[in-house]
Amino acid sequence: MAQISLTFPDGNIRQYPAGTTAAEVALSIAPGLAKKAISASVNGAHVDLQWPITADAKIAIHTMADDAQALELIRHDCAHIMARAVQDIWPDVKVTIGPVRDYGWFYDFDRAEPFTPEDLGAIEARMKQIINARDPVKTEVWDRARAIAYYEDRGEPFKVELIARIPEGEDLRMYWHGPWQDLCRGPHLAHTGQVPADAFKLTHVAGAYWLGDATRPMLQRIYGLAFKNRDDLKAHLTMLEEAAKRDHRKLGREMELFHIQDEAPGMVFWHPNGWTIYRGLEDYMRRRLMRAGYKEIKTPQVVDRVLWEKSGHWEAYRENMFIVEVDEDGAREKRINALKPMNCPCHVQVYNQGLKSYRDLPLRLAEFGSCHRYESSGSMHGLMRVRGFTQDDAHIFCTEDQIEGECADFLGLLSSVYRDLGFDKFDIKLSTRPEVRVGSDEVWDKAETALAKAIEMAGYSYTINPGDGAFYGPKLDFKLTDAIGREWQCGTFQADFNLPVRLGAEYVGEDGAKHHPVMMHRAILGSFERFIGILIENYAGKLPFWLAARQVVVASIVSDADPYVHEIVDALRKAGLRAEADVRNEKINYKVREHSVGKVPVILAIGMKEVEERTVSLRRLGDNITTSVPMQTAVMTLTAESLPPDQR
RNA sequence: GCCCUUAUAGCUCAGCUGGUAGAGCACCUGAUUUGUAAUCAGGGGGUCGGGGGUUCGAGUCCCUCUGGGGGCACCA
């Protein structure tokens, strides 16, 4: 039998007969390792222990100590065990697919009746029985005809369709968890008992389209979570509870920031507190943009459909536009307008006023543009996805040669803004030319290279999404990471070779001829609504002092202190701080609690001692220590702290 | 838009198998002048998201519309 040589992580090389399994390799090293082994990596591919190794390779044996591999196997086996449990209980349910995802897995089933929460309990119980049975996991490679015949015979049409979608020449692997069988590319654990019986949980049921295609049947998806041990599961559940406490919809109500009501779904009613935050953020962005050489403009919200037809939006996005009809006296036809879904066509109109020279470029037009999009009912979510929103939008009209410089400047601005707002980490994704596109290959080459080069020069790394660019140009997407590790796509920088041509934007070049500029669409926050939602969740409502709606509450302890309380509030307000007096007839405990719950960063408590000494008792949110400071010192300190980051 | 689910006082929630609604907080009034996360007492407040139906009778069952939530699809 032919020999193969396997290279271990420590550099050791050993010879084995071809077809040796990873289990046999582990046993050849040490019986202890064989016992602990759960899977192996062969040339970087994660495979199960039964996998025959047929050629020279690098190999690593994994144990439960290898988190990434262990969790993948546990979650993947959970998916199979759950599917088996479901078919044990309801034999007529059809199975489809069940991948590992996030902190667990899901599995999609075809079943006439949806699963109920009680069903989940029954499934969990059955899963535990399967785990405790320690059923062996077996695998075999089947040929297509046999696999198709098998599934047709068993009445599993989704599996038959899956097989048809697997490329010819690729092995079809069958897995058995005890008597239950599933088509799967693996890898899996050696027996069901290796899945910790107390470290998984079925969380919820949801509908999901077969193959993610809205024209295909809707399946019943069950989501589950799985970890290596009970404590990890508990820690994750606790984390989820913590995340729920940060929910901006909940905090938005508690902190009296905004509300949304039935008569205007997806539209925000900003309350005084919320609007203060909004304005703070807008003022900050305006200063940053002005400093970076942008010119602010304001364009109409209601625009005749003619413009949207010219820009191409009418054809592509009419379904998602709010239409405004006007019945003008004597007019044969109603005039049809649309609420603008985006600002760019209007910005081109501003650009088009007056003849532009190459000397005018780059021209950076910014707008806090109020846009409306008729988002589908199921997609709306608090502030995160709304129908009426305001972008920190701008369009840079420039030449192809200026793309790189503009991109570099934009990167500098974006990273600085994110840092100021408390986000130190963000990822960049470069999406390159799709199959269907406008513009010559030379222009695409130039633009893609310019974007990549600008990122590299700035010292950032990026990933490429090949073919994911818009038809009109390549783009960068920026995803920031929040305090609890969630990612939010906010910033974007997109080249557009199309719209300037469609809407006739031109400039006179050095050569005296007319050219179309490139238009760079760009945003840093994305939408103010959504970004404020992200800020609230990132800070769990405890916004930085400069953004907090109510910065200071001055609370009296006895009513004899009221005049002094008002004097302090006046002094703070005169210094530009957002301060309020609380002279209600309540105990200081009550006031401290209420304003702490309301996330007020600073509470000044005032009793007779403070009145006599002309001091304040200062307490910061989250601390339960108080310090006694002279009133004037407190005003000065807090004033300094209240400066936005760009003004310090 | 699709699947599931949900909609009871300002908020959070209770209301068994159908017989015309309760609690805590909030609010108002009074007492209390209080030292850093909820002082005590009293009071007002909802016809149960809208519409339709079944029934002698519906918050409670059915249909439908609207909104919310969890996902899927969508996201210029």
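A note on names: the letters A, B, ... follow the listed sequences, proteins ahead of strands, and every chain is numbered from 1.
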Might you list the N or O atoms of the protein lying below 3.5 Å from N or O atoms in nucleotides 23-28 of chain B, with each pair's distance?
| unit_1 | atom_1 | unit_2 | atom_2 | d |
| --- | --- | --- | --- | --- |
| B/A26 | OP1 | A/Tyr590 | OH | 3.1 |

Between A/Lys310 and A/Arg502, is there a donor-acceptor pair closer than 3.5 Å when you use the side chain of the first and the backbone of the second?
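No: the side chain of A/Lys310 does not pair with the backbone of A/Arg502.
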Flag, side chain of A/Arg75 to backbone of A/Trp105, donor-acceptor distance under 3.5 Å:
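Not a single qualifying donor-acceptor pair exists.
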For [X] and [Y], which I'm curious about, is there any donor-acceptor pair between the side chains at under 3.5 Å?
X: A/Thr299; Y: A/Lys340; answer: yes
X: A/His271; Y: A/Glu256; answer: no
X: A/Glu315; Y: A/Trp308; answer: no

Describe the nucleic acid contact of A/Gly212 in one word from base, sugar-phosphate, nothing, applying a heavy-atom distance below 4.0 Å.
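A/Gly212: backbone/sugar contact only, no base atoms under 4.0 Å.
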For nucleotides 44-49 of chain B, just jot down a letter per nucleotide in 5' to 3' order: B, S or -, based on protein non-hydrogen atoms under 4.0 Å.
------
Can you tell me the pairing partner of [N] across any strand shown, Watson-Crick or G-U wobble, with both distances under 3.5 angstrom?
N: B/G1; result: B/C72
N: B/C40; result: B/G30
N: B/A7; result: B/U66
N: B/A21; result: none

Looking at [N], does its base get a donor-acceptor pair with the side chain of [X] below 3.5 Å?
X: A/Gln261; N: B/G68; result: no
X: A/Tyr209; N: B/G1; result: yes
X: A/Arg221; N: B/C3; result: no
X: A/Arg385; N: B/C74; result: yes

Inter-nucleotide [atom1] distance ([N], [M]), Å rounded:
N: B/G35; M: B/C27; atom1: C1'; value: 27 Å
N: B/G57; M: B/G69; atom1: C1'; value: 33 Å
N: B/G15; M: B/A9; atom1: C1'; value: 14 Å
N: B/C3; M: B/U64; atom1: P; value: 11 Å
N: B/G1; M: B/G46; atom1: P; value: 34 Å
N: B/A37; M: B/C48; atom1: C1'; value: 34 Å

Pairwise 5' ranking along RNA chain B for A/Ile588 and A/Glu375, keeping only the more 5' one:
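Here A/Ile588 is the residue nearer the 5' end.
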For A/Arg249 and A/Asn589, take the nucleotide of RNA chain B holding the closest heavy atom to each; which residue's nucleotide lies nearer the 5' end?
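Its nucleotide being nearer the 5' end, the pick is A/Asn589.
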Please confirm whether the shortest side-chain N or O distance from [X] to OP1 or OP2 of [N] is below 4.0 Å.
X: A/Arg101; N: B/C72; result: yes
X: A/Arg253; N: B/U12; result: yes
X: A/His381; N: B/G70; result: yes
X: A/Tyr374; N: B/A76; result: no
X: A/Ser377; N: B/G1; result: yes

Quick check with a 6.0 Å cut-off and a 45 degree axis cone: is [X] positioned over the face of [Y]'s six-membered ring?
X: A/Arg387; Y: A/Phe389; value: no
X: A/Arg221; Y: A/Phe106; value: yes
X: A/Arg101; Y: A/Tyr223; value: no
X: A/Arg111; Y: A/Trp90; value: yes

